[in-house]
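Below you'll find the structure, written out as structure tokens, and then a few comments.
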Amino acid sequence: MNRLLKLSALQLAQLIHSKEVTSLEVVNTHIARIESVNPELNAVVCNRFELARAEARKVDEQLHEEQMETIPPLLGVPCTIKECFRVSGMPNTSGLVARKGFVAEDNATAVQRLLKAGAIPLGVTNTSELCMWMETNNRVYGRTNNPYDPARIVGGSSGGEGSIVGAGGVPFGLGSDVGGSIRMPAFFNGVFGHKPTGGLIPNTGQFPVAENNALRYLTTGPLCRKAEDLMPLVRILAGPDGLDEWCHAYNLQDPNEVMVEKLQILNVPGNLRTRVTRDLLDSQSQCADALKKQGANVRTRHIDTLKNSLEIWTTMMVAAGGTPFGTLLGNGNPVRAIPEMVRWLTRRSPHTLPAIMLAFLEKMPFVFKRHIEMRDELRQELVGLIGNHGVMLYPSYSSPAPFHYQPLMNPLDWVFTGIFNVLEFPVTQVPLGLNKNGLPLGIQIVATPGNDHLSIAVAMYLEKIFGGWVPPATF
């Protein structure tokens, strides 16, 4: 691989700003990579390559003529954006056939902030239908494949982002996460991802977007190939925009100032309900050992209430209310799940099976007061155990990337990630090399609200120990 494809966004920005390379060279290198791998991956579903080249030329002209008094931190650095975010001139369908042909006329808040920071979007990436399933597949763009093994899933719903970042196509991308939609794609595709504290980054300009209390459970955040990019990207994206009512300011601290050897580490190897494969458990144990050798205080224990993660997540989402999923699926006209299932069986439905199933399941009576109480008790327990000077180690999923369709046989394993959305905890997904089958391993690093810098600091430390992102050998 070209050396530029292995660098962080910060490293690329430094090279561009010092004029060691041009923005056009960096942009063209990443475009060439996307053109090489995307026919196999189907990750970037609409590109803006010529516009990106024109923007890169303008950056180079400005730098050459020294027209800029202050240089934006990401000036000239390429990226991609999840298609559910509005990007002016780009499609914004979220994989819904009824929205096919819809083009955004403006930019989502997070997109606009990246543009202000100087980033150059190369295109938009695939999602699951309406961003509500862990396989990235829809009837508008089709299925996205894993760069480490195209027969396997990329996760969802930010699966296109995970796939193209994992393939080296861009140094970072923008995703969103209401049940693991940043972390699972980051995990399955061997890269870093960060789900920030609830309410830290505005969700304005997404379709669909959560409503009421669920707007705090939905989080916008970065996926990237190098851990050092996480906090700078979070800082660029964070802060109220006057439109997202739940977004508020946090005093973000510097992960570079965190002394890992003084952290309290809570090592939780599972949820007492779902079996985790041995390679993932061994990787988690190695992380705990590495942190212990560094001097951190490591405690291993199980948390009983985590076995109720599915019930807690589902209850909190349903209790939040908002537009029913079936109505979103029908683009304003409620879809009747059972007739739609018949249409699907006869191959006449414009929807995917997981979306139809969700439209059916949302009619079930899921709201139970006891599960809301469990959420509050679990939140209090974990805040007490992790504290303001600690993190929790926790599995990302039950196994490395499954084969396509396989999650339909184990549809509940995403609860390893989903529980932290309704707890509103920040979580960083960390790659830990590859298993014997060449598939990415990884772990979630969980912190308490407002302590995003702690989970990111541990991610940066583990990257030094375990190597971080490993470019796939399949391309």
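Keep in mind that what you see is a predicted model, and the values were worked out from it rather than measured. FYI, side chains are in, hydrogens and waters are out, and symmetry mates aren't considered; it's all heavy atoms of this structure. In this chain, numbering begins with 1 at the start of the sequence shown.
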Can a side-chain donor-acceptor contact be found between Ser399 and Thr277 if the only test is distance below 3.5 angstrom?
no
Any idea how Tyr394 and Phe420 line up, ring-wise: parallel (<30°), tilted (30 to 60°), or perpendicular (>60°)?
perpendicular
Do Ser23 and Asp60 pair up side chain to side chain, a donor and an acceptor below 3.5 Å, judged on atom types alone?
no
Classify the side-chain pair Asp254/His453 by whether it contains a donor and acceptor separated by less than 3.5 Å.
no
Matching residue for Val21 among Thr29, Val26, Leu12 - test: side-chain contact (heavy atoms from CB on, under 4.5 Å):
Val26
Any carboxylate oxygen within less than 4.0 angstrom of a Lys/Arg side-chain nitrogen, looking at Asp149 and Arg152?
yes
Regarding Thr144 and Thr136, is there a side-chain donor-to-acceptor distance under 3.5 Å anywhere?
no
Is a salt bridge present between Arg48 and Glu55, judged by a nitrogen-to-oxygen distance below 4.0 Å?
yes
Treating Thr80 as the side-chain partner and Val124 as the backbone partner, does any N or O pair qualify as donor plus acceptor under 3.5 Å?
no
Return yes if some donor-acceptor pair links the side-chain N/O of Asp241 with the main-chain N/O of Asp244 below 3.5 Å, else return no.
yes
In this structure, CG of Leu15 is separated from OG1 of Thr22 (nearest 0.5 Å) by 11.0 Å
Which residue, Leu434, Asn437, Asn435, Asn146, forms the side-chain contact (heavy atoms from CB on, under 4.5 Å) with Pro400?
Asn435
Main chain of Val165, side chain of Asn189: is a donor-acceptor contact present, judged purely on distance under 3.5 Å?
no
Approximate separation, where rounding is to 0.5 Å, of Ile31 CD1 and Asn47 CG:
7.5 Å
If we ignore hydrogens and angles and just use 3.5 Å, is the side chain of Ser158 paired with the main-chain N or O of Ser176 as donor and acceptor?
yes
Tell me if a side-chain donor or acceptor on Gln444 pairs with a main-chain N or O of Gln429 at a distance below 3.5 Å.
no
Side chains of Gln206 and Asn203: donor-acceptor distance under 3.5 Å anywhere?
yes
Candidates Asp106, Thr109, Thr204, Asn107 - the one meeting side-chain hydrogen bond (donor to acceptor under 3.5 Å, both in side chains) with Arg86:
Asp106
I'd like to know whether NZ of Lys116 has more than 12 heavy-atom contacts from other residues, nucleotides or ligands below 6.0 angstrom.
no
Ignoring hydrogens and geometry, is there a side-chain-to-backbone donor-acceptor pair from His17 to Leu75 under 3.5 Å?
yes
Supply the atom-to-atom distance Ser398 OG to Phe416 CZ, rounded to the nearest 0.5 angstrom.
6.5 Å
Using a 6.0 Å cut-off, check whether atom CD of Glu66 has over 12 heavy atoms from anything other than its own residue.
no
Can a donor-acceptor pair be found, under 3.5 Å and without considering hydrogens, that links the side chain of Gln406 to the backbone of Phe403?
yes
Would Asn42 and Arg143 count as having a side-chain donor-acceptor pair, cut-off 3.5 Å?
no
When rounded to the nearest 0.5 angstrom, what distance separates CD1 in Ile356 from CG in Leu329?
7.0 Å
Can a donor-acceptor pair be found, under 3.5 Å and without considering hydrogens, that links the side chain of Asp229 to the backbone of Ala9?
yes
Consider only side-chain N and O atoms of Thr323 and Glu211, and report whether a donor and an acceptor are under 3.5 Å apart.
yes
For the residue pair Glu129 and Asn138, confirm or rule out a side-chain donor-acceptor distance under 3.5 Å.
no
Counting only heavy atoms not in Phe49 (residues, nucleotides, ligands), do more than 12 fall under 6.0 Å from its CZ?
yes
CD/Glu25: more than 12 non-hydrogen atoms of other groups inside 6.0 Å
yes
For the rings on Phe188 and Tyr397, is their centre-to-centre separation under 6.0 Å?
yes
Should Glu61 and Lys58 count as an ion pair when the cut-off is N to O under 4.0 Å?
no
Would you say the side chain of Phe187 lies within less than 4.5 Å of the side chain of Leu280, judging by non-hydrogen atoms?
yes
Would you say the rings of Tyr250 and His248 are close, in the sense that their centroids are separated by under 6.0 Å?
yes
Glu135-Thr352 side chain donor-acceptor pair, cut-off 3.5 Å
no
We want to know whether Thr125 and Glu83 form a side-chain donor-acceptor pair, criterion being a heavy-atom distance below 3.5 angstrom.
no
Nearest 0.5 angstrom please: Leu358 CG to Trp133 CH2, how far?
9.5 Å
Under 3.5 Å, is there a donor-acceptor pair between the Thr197 and Glu424 side chains?
no
Distance (rounded to the nearest 0.5 Å) between Tyr217 OH and Asp177 CG
14.5 Å
With no hydrogens and no angle check, just 3.5 Å: does a side-chain donor-acceptor pair link Arg99 and Asn92?
yes
Got a sec: does the CE of Met357 have more than 12 other heavy atoms crowding it under 6.0 Å?
no
If we ignore hydrogens and angles and just use 3.5 Å, is the side chain of Lys195 paired with the main-chain N or O of Asn421 as donor and acceptor?
no
Within the side chain of Thr346, is there an N or O that forms a donor-acceptor pair under 3.5 Å with the backbone of Val342?
yes
Min side-chain heavy-atom separation Tyr141-Thr93 under 4.5 Å
yes
Between Glu161 and Lys82 (salt bridge meaning N to carboxylate O under 4.0 Å), is one present in this structure?
no
Just by distance, no angles: are the side chains of Asn145 and His404 close enough, under 3.5 Å, to form a donor-acceptor pair?
yes
